[in-house]
Protein chains: 2
Amino acid sequence: MTTRETIIALGDQLIRDKGFNAFSFYDIARSLNIKNASIHYHFPSKTDLGIAVLKGQQDGLRSLIEAYSKKTPEEKLLAFLSIYTRIKAEGKVCIVGSLATDLNSVDEKIAVELKKLAQEILSWVTQILDEGKRKKVFYFRESSRTRALLIITNMLAALQVSRLTDENDFSSIKNAIIKDLRVKP
Amino acid sequence: MTTRETIIALGDQLIRDKGFNAFSFYDIARSLNIKNASIHYHFPSKTDLGIAVLKGQQDGLRSLIEAYSKKTPEEKLLAFLSIYTRIKAEGKVCIVGSLATDLNSVDEKIAVELKKLAQEILSWVTQILDEGKRKKVFYFRESSRTRALLIITNMLAALQVSRLTDENDFSSIKNAIIKDLRVKP
DNA sequence: GTCTATATTCCGATAGAC
DNA sequence: GTCTATCGGAATATAGAC
(Lines give C-alpha, C1' and ligand atoms only; values in the text may rest on other atoms or scores of the structure.)
Protein backbone atom coordinates (compact mmCIF):
# COMPACT_ATOMS: atom_id res chain seq x y z
CA MET A 1 0.00 0.00 0.00
CA THR A 2 1.39 3.41 -0.96
CA THR A 3 1.74 6.20 1.55
CA ARG A 4 -1.10 7.98 -0.14
CA GLU A 5 -3.36 4.95 0.26
CA THR A 6 -2.33 4.52 3.87
CA ILE A 7 -3.18 8.13 4.61
CA ILE A 8 -6.59 7.66 3.04
CA ALA A 9 -7.18 4.52 5.09
CA LEU A 10 -6.17 6.28 8.31
CA GLY A 11 -8.28 9.32 7.48
CA ASP A 12 -11.22 7.04 6.85
CA GLN A 13 -10.81 5.35 10.23
CA LEU A 14 -10.36 8.62 12.07
CA ILE A 15 -13.49 10.16 10.56
CA ARG A 16 -15.48 7.11 11.58
CA ASP A 17 -13.93 7.00 15.05
CA LYS A 18 -13.88 10.66 16.16
CA GLY A 19 -15.57 12.67 13.43
CA PHE A 20 -14.11 14.83 10.67
CA ASN A 21 -13.57 17.93 12.79
CA ALA A 22 -11.92 16.05 15.65
CA PHE A 23 -9.02 14.47 13.83
CA SER A 24 -5.91 16.30 12.71
CA PHE A 25 -3.14 15.71 10.22
CA TYR A 26 -0.92 15.07 13.20
CA ASP A 27 -2.99 12.00 14.15
CA ILE A 28 -2.08 10.53 10.77
CA ALA A 29 1.51 11.75 10.79
CA ARG A 30 2.12 10.14 14.18
CA SER A 31 0.74 6.79 12.99
CA LEU A 32 2.94 6.85 9.92
CA ASN A 33 6.04 8.18 11.67
CA ILE A 34 6.25 11.04 9.25
CA LYS A 35 5.76 14.77 9.71
CA ASN A 36 2.70 16.89 9.38
CA ALA A 37 4.00 18.64 6.27
CA SER A 38 4.41 15.34 4.45
CA ILE A 39 0.68 14.74 4.62
CA HIS A 40 0.18 18.05 2.88
CA TYR A 41 2.34 16.86 0.03
CA HIS A 42 -0.20 14.11 -0.69
CA PHE A 43 -3.28 16.13 0.20
CA PRO A 44 -2.92 19.92 0.02
CA SER A 45 -5.94 20.46 2.26
CA LYS A 46 -7.95 18.48 4.78
CA THR A 47 -10.90 18.80 2.41
CA ASP A 48 -8.85 17.09 -0.30
CA LEU A 49 -8.26 14.16 2.04
CA GLY A 50 -11.93 14.01 2.92
CA ILE A 51 -12.83 13.85 -0.76
CA ALA A 52 -10.26 11.10 -1.37
CA VAL A 53 -11.71 9.09 1.52
CA LEU A 54 -15.19 9.39 0.06
CA LYS A 55 -14.03 8.47 -3.43
CA GLY A 56 -12.34 5.43 -1.90
CA GLN A 57 -15.60 4.44 -0.29
CA GLN A 58 -17.41 4.89 -3.58
CA ASP A 59 -14.87 2.68 -5.36
CA GLY A 60 -15.07 0.03 -2.65
CA LEU A 61 -18.85 -0.03 -2.90
CA ARG A 62 -18.74 -0.36 -6.69
CA SER A 63 -16.33 -3.27 -6.39
CA LEU A 64 -18.64 -5.01 -3.95
CA ILE A 65 -21.65 -4.44 -6.18
CA GLU A 66 -19.74 -5.82 -9.13
CA ALA A 67 -18.45 -8.83 -7.17
CA TYR A 68 -22.00 -9.74 -6.10
CA SER A 69 -23.76 -8.94 -9.36
CA LYS A 70 -24.41 -12.58 -10.22
CA LYS A 71 -25.39 -13.68 -6.72
CA THR A 72 -28.86 -14.10 -5.25
CA PRO A 73 -30.72 -11.22 -3.59
CA GLU A 74 -30.23 -12.88 -0.19
CA GLU A 75 -26.49 -13.09 -0.71
CA LYS A 76 -26.37 -9.48 -1.87
CA LEU A 77 -28.33 -8.30 1.13
CA LEU A 78 -26.13 -10.23 3.55
CA ALA A 79 -23.08 -8.75 1.88
CA PHE A 80 -24.53 -5.31 2.36
CA LEU A 81 -25.37 -5.91 6.00
CA SER A 82 -21.95 -7.36 6.71
CA ILE A 83 -20.37 -4.04 5.76
CA TYR A 84 -21.83 -2.70 8.98
CA THR A 85 -20.94 -5.79 10.97
CA ARG A 86 -17.32 -5.17 10.09
CA ILE A 87 -17.55 -1.53 11.13
CA LYS A 88 -19.20 -2.57 14.38
CA ALA A 89 -16.32 -4.94 15.11
CA GLU A 90 -13.97 -1.95 14.86
CA GLY A 91 -16.13 0.05 17.27
CA LYS A 92 -16.57 2.73 14.65
CA VAL A 93 -19.51 4.20 12.78
CA CYS A 94 -20.50 4.53 9.15
CA ILE A 95 -18.88 7.38 7.24
CA VAL A 96 -22.23 8.48 5.86
CA GLY A 97 -23.63 8.99 9.35
CA SER A 98 -20.47 10.57 10.66
CA LEU A 99 -20.24 13.16 7.91
CA ALA A 100 -24.00 13.73 7.69
CA THR A 101 -24.05 14.96 11.29
CA ASP A 102 -21.19 17.35 10.51
CA LEU A 103 -22.60 18.34 7.12
CA ASN A 104 -22.99 22.05 7.86
CA SER A 105 -19.41 22.39 9.02
CA VAL A 106 -17.54 20.81 6.11
CA ASP A 107 -16.61 22.07 2.66
CA GLU A 108 -19.33 21.89 0.04
CA LYS A 109 -17.12 19.62 -2.08
CA ILE A 110 -17.23 17.01 0.66
CA ALA A 111 -21.00 17.29 0.83
CA VAL A 112 -21.19 16.64 -2.92
CA GLU A 113 -19.15 13.43 -2.72
CA LEU A 114 -21.01 12.29 0.36
CA LYS A 115 -24.33 12.68 -1.42
CA LYS A 116 -23.02 10.63 -4.34
CA LEU A 117 -22.04 7.83 -1.97
CA ALA A 118 -25.41 7.91 -0.21
CA GLN A 119 -27.22 7.77 -3.54
CA GLU A 120 -25.21 4.78 -4.68
CA ILE A 121 -25.89 2.87 -1.48
CA LEU A 122 -29.59 3.63 -1.66
CA SER A 123 -29.75 2.70 -5.32
CA TRP A 124 -28.06 -0.66 -4.75
CA VAL A 125 -30.17 -1.69 -1.78
CA THR A 126 -33.31 -0.63 -3.62
CA GLN A 127 -32.34 -2.88 -6.52
CA ILE A 128 -31.55 -5.80 -4.22
CA LEU A 129 -34.97 -5.53 -2.59
CA ASP A 130 -36.68 -5.14 -5.93
CA GLU A 131 -35.05 -8.28 -7.24
CA GLY A 132 -35.86 -10.15 -4.04
CA LYS A 133 -39.48 -9.14 -4.24
CA ARG A 134 -39.79 -10.27 -7.87
CA LYS A 135 -38.20 -13.61 -7.03
CA LYS A 136 -40.42 -13.99 -3.99
CA VAL A 137 -37.64 -14.35 -1.46
CA PHE A 138 -38.32 -11.00 0.21
CA TYR A 139 -41.73 -9.79 1.28
CA PHE A 140 -42.57 -6.21 2.20
CA ARG A 141 -45.42 -3.76 1.72
CA GLU A 142 -43.59 -0.49 1.12
CA SER A 143 -41.93 0.56 -2.11
CA SER A 144 -38.47 -0.92 -2.56
CA ARG A 145 -36.94 2.50 -2.09
CA THR A 146 -38.72 3.13 1.19
CA ARG A 147 -37.84 -0.32 2.46
CA ALA A 148 -34.24 0.28 1.47
CA LEU A 149 -34.30 3.52 3.44
CA LEU A 150 -35.69 1.68 6.46
CA ILE A 151 -32.94 -0.93 6.33
CA ILE A 152 -30.14 1.54 5.68
CA THR A 153 -31.25 3.83 8.50
CA ASN A 154 -31.54 0.85 10.83
CA MET A 155 -27.97 -0.24 10.17
CA LEU A 156 -26.44 3.20 10.06
CA ALA A 157 -27.94 4.27 13.38
CA ALA A 158 -27.48 0.83 14.94
CA LEU A 159 -23.75 1.57 14.87
CA GLN A 160 -24.31 4.88 16.61
CA VAL A 161 -26.93 3.85 19.16
CA SER A 162 -25.26 0.60 20.17
CA ARG A 163 -22.30 2.70 21.28
CA LEU A 164 -24.63 4.06 23.94
CA THR A 165 -27.09 1.34 24.91
CA ASP A 166 -25.79 -2.20 24.61
CA GLU A 167 -23.27 -3.55 22.12
CA ASN A 168 -25.55 -6.53 21.48
CA ASP A 169 -28.26 -4.23 20.22
CA PHE A 170 -26.45 -4.11 16.90
CA SER A 171 -27.00 -7.82 16.31
CA SER A 172 -30.61 -7.64 17.46
CA ILE A 173 -31.31 -4.99 14.86
CA LYS A 174 -29.48 -6.81 12.10
CA ASN A 175 -31.25 -10.11 12.78
CA ALA A 176 -34.64 -8.43 12.92
CA ILE A 177 -34.09 -6.86 9.50
CA ILE A 178 -33.35 -10.23 7.92
CA LYS A 179 -36.22 -12.01 9.63
CA ASP A 180 -38.77 -9.35 8.72
CA LEU A 181 -37.99 -9.60 5.03
CA ARG A 182 -38.70 -13.33 5.07
CA VAL A 183 -42.16 -13.10 6.61
CA LYS A 184 -44.85 -13.84 4.05
CA PRO A 185 -47.83 -11.52 4.13
CA MET B 1 -35.50 32.96 29.30
CA THR B 2 -32.33 33.63 31.26
CA THR B 3 -29.00 34.11 29.54
CA ARG B 4 -27.93 30.72 30.83
CA GLU B 5 -30.98 29.06 29.28
CA THR B 6 -30.46 30.89 26.01
CA ILE B 7 -26.87 29.70 25.86
CA ILE B 8 -28.01 26.13 26.43
CA ALA B 9 -30.62 26.44 23.69
CA LEU B 10 -28.07 27.85 21.25
CA GLY B 11 -25.52 25.20 22.15
CA ASP B 12 -28.12 22.55 21.57
CA GLN B 13 -28.95 23.90 18.12
CA LEU B 14 -25.29 24.26 17.15
CA ILE B 15 -24.46 20.69 18.16
CA ARG B 16 -27.35 19.41 16.08
CA ASP B 17 -26.50 21.67 13.16
CA LYS B 18 -22.70 21.43 12.85
CA GLY B 19 -21.54 18.93 15.45
CA PHE B 20 -19.97 19.44 18.87
CA ASN B 21 -16.42 19.96 17.63
CA ALA B 22 -17.40 22.44 14.93
CA PHE B 23 -19.10 25.08 17.02
CA SER B 24 -17.32 27.59 19.21
CA PHE B 25 -18.23 29.82 22.11
CA TYR B 26 -17.92 32.69 19.67
CA ASP B 27 -20.87 31.34 17.65
CA ILE B 28 -22.99 31.71 20.75
CA ALA B 29 -21.46 35.03 21.84
CA ARG B 30 -22.19 36.55 18.44
CA SER B 31 -25.83 35.44 18.56
CA LEU B 32 -26.30 36.92 22.02
CA ASN B 33 -24.32 40.09 21.36
CA ILE B 34 -22.07 39.37 24.28
CA LYS B 35 -18.42 38.46 24.48
CA ASN B 36 -16.71 35.13 24.51
CA ALA B 37 -15.61 35.45 28.12
CA SER B 38 -19.20 35.96 29.28
CA ILE B 39 -20.11 32.48 28.12
CA HIS B 40 -17.35 31.14 30.32
CA TYR B 41 -18.96 32.82 33.32
CA HIS B 42 -22.03 30.60 32.83
CA PHE B 43 -20.15 27.52 31.66
CA PRO B 44 -16.49 27.27 32.67
CA SER B 45 -15.73 24.75 29.95
CA LYS B 46 -17.27 23.62 26.69
CA THR B 47 -17.78 20.24 28.30
CA ASP B 48 -19.88 21.89 31.01
CA LEU B 49 -22.09 23.37 28.33
CA GLY B 50 -22.38 20.03 26.58
CA ILE B 51 -23.50 18.41 29.81
CA ALA B 52 -26.06 21.16 30.44
CA VAL B 53 -27.46 20.66 26.93
CA LEU B 54 -27.83 16.94 27.55
CA LYS B 55 -29.45 17.46 30.95
CA GLY B 56 -31.85 19.85 29.28
CA GLN B 57 -32.75 17.17 26.75
CA GLN B 58 -33.26 14.67 29.55
CA ASP B 59 -35.58 17.07 31.36
CA GLY B 60 -37.51 17.82 28.19
CA LEU B 61 -37.99 14.14 27.52
CA ARG B 62 -39.20 13.48 31.06
CA SER B 63 -41.71 16.31 30.73
CA LEU B 64 -43.02 14.84 27.51
CA ILE B 65 -43.30 11.38 29.02
CA GLU B 66 -45.16 12.81 31.99
CA ALA B 67 -47.48 14.89 29.80
CA TYR B 68 -48.46 11.83 27.75
CA SER B 69 -48.60 9.33 30.59
CA LYS B 70 -52.40 9.06 30.50
CA LYS B 71 -52.72 9.00 26.72
CA THR B 72 -53.10 6.02 24.40
CA PRO B 73 -50.09 4.16 22.98
CA GLU B 74 -50.83 5.57 19.54
CA GLU B 75 -50.81 9.11 20.87
CA LYS B 76 -47.60 8.47 22.76
CA LEU B 77 -45.91 7.03 19.69
CA LEU B 78 -47.01 9.93 17.52
CA ALA B 79 -45.68 12.31 20.15
CA PHE B 80 -42.37 10.50 20.05
CA LEU B 81 -42.18 10.55 16.27
CA SER B 82 -43.09 14.23 16.12
CA ILE B 83 -39.96 15.07 18.08
CA TYR B 84 -38.03 14.14 14.97
CA THR B 85 -40.47 15.86 12.64
CA ARG B 86 -39.76 19.08 14.48
CA ILE B 87 -36.00 18.55 14.19
CA LYS B 88 -36.38 17.81 10.49
CA ALA B 89 -38.25 21.08 9.99
CA GLU B 90 -35.21 22.87 11.43
CA GLY B 91 -32.89 21.00 9.04
CA LYS B 92 -30.96 19.65 11.99
CA VAL B 93 -30.25 16.19 13.37
CA CYS B 94 -30.88 14.43 16.65
CA ILE B 95 -28.43 15.18 19.44
CA VAL B 96 -28.00 11.48 20.18
CA GLY B 97 -26.82 10.78 16.66
CA SER B 98 -24.68 13.89 16.48
CA LEU B 99 -22.80 13.16 19.69
CA ALA B 100 -22.65 9.39 19.13
CA THR B 101 -20.63 9.93 15.95
CA ASP B 102 -18.23 12.19 17.88
CA LEU B 103 -18.19 9.97 20.96
CA ASN B 104 -14.48 9.21 20.95
CA SER B 105 -13.53 12.86 20.76
CA VAL B 106 -15.57 14.28 23.63
CA ASP B 107 -15.07 14.28 27.38
CA GLU B 108 -16.13 11.12 29.20
CA LYS B 109 -18.62 13.15 31.25
CA ILE B 110 -20.50 13.99 28.09
CA ALA B 111 -20.54 10.33 27.09
CA VAL B 112 -22.09 9.46 30.45
CA GLU B 113 -24.95 11.94 30.09
CA LEU B 114 -25.49 10.95 26.48
CA LYS B 115 -25.85 7.32 27.46
CA LYS B 116 -28.41 8.26 30.12
CA LEU B 117 -30.45 10.11 27.50
CA ALA B 118 -30.28 7.21 25.06
CA GLN B 119 -31.37 4.77 27.77
CA GLU B 120 -34.35 6.92 28.70
CA ILE B 121 -35.49 7.22 25.10
CA LEU B 122 -35.15 3.48 24.54
CA SER B 123 -36.94 2.68 27.78
CA TRP B 124 -39.88 4.94 26.94
CA VAL B 125 -40.38 3.68 23.40
CA THR B 126 -40.10 0.09 24.62
CA GLN B 127 -42.86 0.75 27.13
CA ILE B 128 -45.06 2.42 24.53
CA LEU B 129 -44.74 -0.58 22.22
CA ASP B 130 -45.32 -3.00 25.07
CA GLU B 131 -48.51 -1.25 26.04
CA GLY B 132 -49.65 -1.08 22.42
CA LYS B 133 -49.06 -4.77 21.97
CA ARG B 134 -51.04 -5.64 25.09
CA LYS B 135 -53.91 -3.43 23.99
CA LYS B 136 -53.79 -4.89 20.49
CA VAL B 137 -53.27 -1.63 18.68
CA PHE B 138 -49.70 -2.42 17.62
CA TYR B 139 -48.58 -5.67 16.04
CA PHE B 140 -44.99 -6.83 15.72
CA ARG B 141 -42.98 -10.02 16.00
CA GLU B 142 -39.78 -8.88 17.72
CA SER B 143 -39.38 -8.08 21.39
CA SER B 144 -40.61 -4.63 22.33
CA ARG B 145 -37.04 -3.55 22.97
CA THR B 146 -35.83 -4.67 19.57
CA ARG B 147 -38.77 -3.05 17.83
CA ALA B 148 -38.09 0.13 19.78
CA LEU B 149 -34.50 0.03 18.56
CA LEU B 150 -35.68 -0.42 14.99
CA ILE B 151 -37.98 2.58 15.22
CA ILE B 152 -35.49 4.80 17.02
CA THR B 153 -32.71 3.99 14.56
CA ASN B 154 -35.06 4.64 11.65
CA MET B 155 -35.93 8.09 12.90
CA LEU B 156 -32.48 9.05 14.09
CA ALA B 157 -30.81 8.15 10.81
CA ALA B 158 -33.72 9.42 8.73
CA LEU B 159 -32.68 12.89 9.83
CA GLN B 160 -29.11 12.25 8.74
CA VAL B 161 -29.74 10.40 5.49
CA SER B 162 -32.51 12.70 4.24
CA ARG B 163 -29.93 15.49 4.32
CA LEU B 164 -28.21 13.59 1.52
CA THR B 165 -30.83 11.81 -0.55
CA ASP B 166 -34.20 13.53 -0.69
CA GLU B 167 -35.85 15.65 1.98
CA ASN B 168 -39.10 13.74 1.42
CA ASP B 169 -37.42 10.51 2.46
CA PHE B 170 -37.92 11.54 6.05
CA SER B 171 -41.71 11.42 5.71
CA SER B 172 -41.62 8.15 3.79
CA ILE B 173 -39.73 6.54 6.66
CA LYS B 174 -41.97 8.00 9.33
CA ASN B 175 -45.15 6.92 7.56
CA ALA B 176 -43.83 3.41 6.98
CA ILE B 177 -43.09 3.00 10.69
CA ILE B 178 -46.64 3.89 11.66
CA LYS B 179 -48.22 1.73 8.97
CA ASP B 180 -46.11 -1.32 9.79
CA LEU B 181 -47.15 -1.30 13.43
CA ARG B 182 -50.82 -1.42 12.43
CA VAL B 183 -50.57 -4.47 10.18
CA LYS B 184 -52.16 -7.50 11.81
CA PRO B 185 -50.16 -10.73 11.50
C1' DG C 1 -22.68 39.47 34.69
C1' DT C 2 -20.20 41.44 31.24
C1' DC C 3 -16.22 43.60 29.74
C1' DT C 4 -11.02 44.05 27.88
C1' DA C 5 -6.94 41.84 27.46
C1' DT C 6 -4.20 38.08 27.21
C1' DA C 7 -2.23 33.39 27.79
C1' DT C 8 -1.92 29.01 25.70
C1' DT C 9 -2.50 25.49 22.72
C1' DC C 10 -3.54 23.47 18.52
C1' DC C 11 -4.34 23.17 13.75
C1' DG C 12 -4.11 23.86 8.77
C1' DA C 13 -1.07 25.34 5.56
C1' DT C 14 3.29 27.02 3.07
C1' DA C 15 8.40 27.85 1.97
C1' DG C 16 12.43 26.03 1.00
C1' DA C 17 16.36 22.67 2.03
C1' DC C 18 17.66 17.88 1.35
C1' DG D 1 8.77 12.56 -0.76
C1' DT D 2 10.08 13.97 3.52
C1' DC D 3 12.24 17.17 6.33
C1' DT D 4 12.73 21.74 9.38
C1' DA D 5 10.91 25.97 10.31
C1' DT D 6 7.40 29.04 10.53
C1' DC D 7 3.15 31.75 9.64
C1' DG D 8 -1.54 32.85 10.58
C1' DG D 9 -5.69 31.88 12.52
C1' DA D 10 -8.89 30.01 15.61
C1' DA D 11 -10.42 28.20 19.86
C1' DT D 12 -10.50 27.27 24.89
C1' DA D 13 -9.73 29.40 28.87
C1' DT D 14 -8.33 32.82 32.66
C1' DA D 15 -7.30 37.39 35.15
C1' DG D 16 -8.90 41.34 36.65
C1' DA D 17 -11.49 45.89 35.90
C1' DC D 18 -16.16 47.74 35.82
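What you see is a predicted model, and the numbers here were worked out from it, not measured in a lab. Numbers restart at 1 for each chain; the letters A, B, ... are given by sequence-line order, proteins then strands.
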Identify all pairs in which a protein N or O lies below 3.5 Å from an N or O of nucleotides 3-6 of chain C, and state each distance.
{"from": "C/dC3", "atom 1": "OP2", "to": "B/Lys35", "atom 2": "N", "distance (Å)": "2.5"}
{"from": "C/dC3", "atom 1": "OP2", "to": "B/Ser38", "atom 2": "OG", "distance (Å)": "2.8"}

Nucleotide of C/dT2, D/dG1, C/dG12 approaching A/Lys46 most closely (side-chain heavy atoms): C/dG12

Partners passing salt bridge (Lys or Arg N to Asp or Glu O under 4.0 Å) against A/Glu113 (at least two apart in sequence or in another chain): A/Lys55, A/Lys116

Residue pairs meeting ring pair (Phe, Tyr, Trp, His ring centres under 6.0 Å), one or both in residues 149-185 of chain B, sequence neighbours left out, come to none

Under 4.0 Å between a side-chain N/O of B/His40 and OP1 or OP2 of C/dT2, yes or no? no

Residue-phosphate contact under 4.0 Å: B/Thr3 side-chain N/O, C/dT2 OP1/OP2: yes

Which residue pairs pass the salt bridge (charged side-chain N to carboxylate O under 4.0 Å, His left out) test with at least one member in residues 66-79 of chain B, sequence neighbours excluded? B/Lys76-B/Glu131

Short side-chain N/O contact from B/Tyr41 to OP1 or OP2 of C/dG1, under 4.0 Å: yes

Which atom pairs, one a donor and one an acceptor, fall under 3.5 Å between side chains of residues 138-147 of chain B and the rest of the protein, sequence neighbours left out?
{"from": "B/Tyr139", "atom 1": "OH", "to": "B/Lys136", "atom 2": "O", "distance (Å)": "3.1"}
{"from": "B/Glu142", "atom 1": "OE1", "to": "B/Arg147", "atom 2": "NH1", "distance (Å)": "3.3"}
{"from": "B/Ser143", "atom 1": "OG", "to": "B/Thr146", "atom 2": "N", "distance (Å)": "3.1"}
{"from": "B/Ser143", "atom 1": "OG", "to": "B/Thr146", "atom 2": "OG1", "distance (Å)": "3.0"}
{"from": "B/Ser144", "atom 1": "OG", "to": "B/Asp130", "atom 2": "OD1", "distance (Å)": "2.6"}
{"from": "B/Arg145", "atom 1": "NH1", "to": "A/Asp169", "atom 2": "OD1", "distance (Å)": "2.4"}
{"from": "B/Arg145", "atom 1": "NH1", "to": "A/Asp169", "atom 2": "OD2", "distance (Å)": "3.2"}

If each end axis of the helix from C/dG1-D/dC18 to C/dC18-D/dG1 is fitted on five C1' pair positions, the angle between them, to 10 degrees, is 10°

Under 4.0 Å, heavy atom to any atom of DNA chain C: which of residues 11-26 of chain B qualify? none

Grab the CG-P distance between B/Asp107 and D/dT12 for me, whole Å please. 14 Å

Show me the pairs that pass ring pair (Phe, Tyr, Trp, His ring centres under 6.0 Å) and involve residues 79-114 of chain B, at least two apart or across chains. B/Phe80-B/Tyr84

Between C/dG1 (C1') and B/Ile7 (CD1): distance, integer Å: 10 Å

Which whole-number value in Å describes the distance from B/Arg4 CZ to C/dT2 P? 13 Å

Salt bridge (Lys or Arg N to Asp or Glu O under 4.0 Å) partners of A/Asp12, counting only residues at least two apart: A/Arg16

Pairs flagged by side chain to side chain donor-acceptor pair (under 3.5 Å) wherever residues 18-33 of chain A is involved - sequence neighbours left out: A/Lys18-A/Asp27, A/Asn21-A/Ser105, A/Asp27-A/Arg30

What I want to check is whether the side chains of B/Ser123 and B/Gln119 have a donor and an acceptor closer together than 3.5 Å. no

Could you give the CG-to-P distance, from A/Asp48 to C/dC11, as a whole number of Å? 19 Å

Name every donor-acceptor pair, under 3.5 Å, that has one atom in a side chain of residues 176-185 of chain A and the other anywhere in the protein, sequence neighbours excluded.
none

Listed once per pair and sorted, the ring pair (Phe, Tyr, Trp, His ring centres under 6.0 Å) pairs that draw on residues 35-61 of chain B, sequence neighbours left out: B/Phe25-B/His40

Please report the interatomic distance CG(A/Leu14) to CD1(A/Ile7), rounded to the nearest 0.5 Å. 12.0 Å

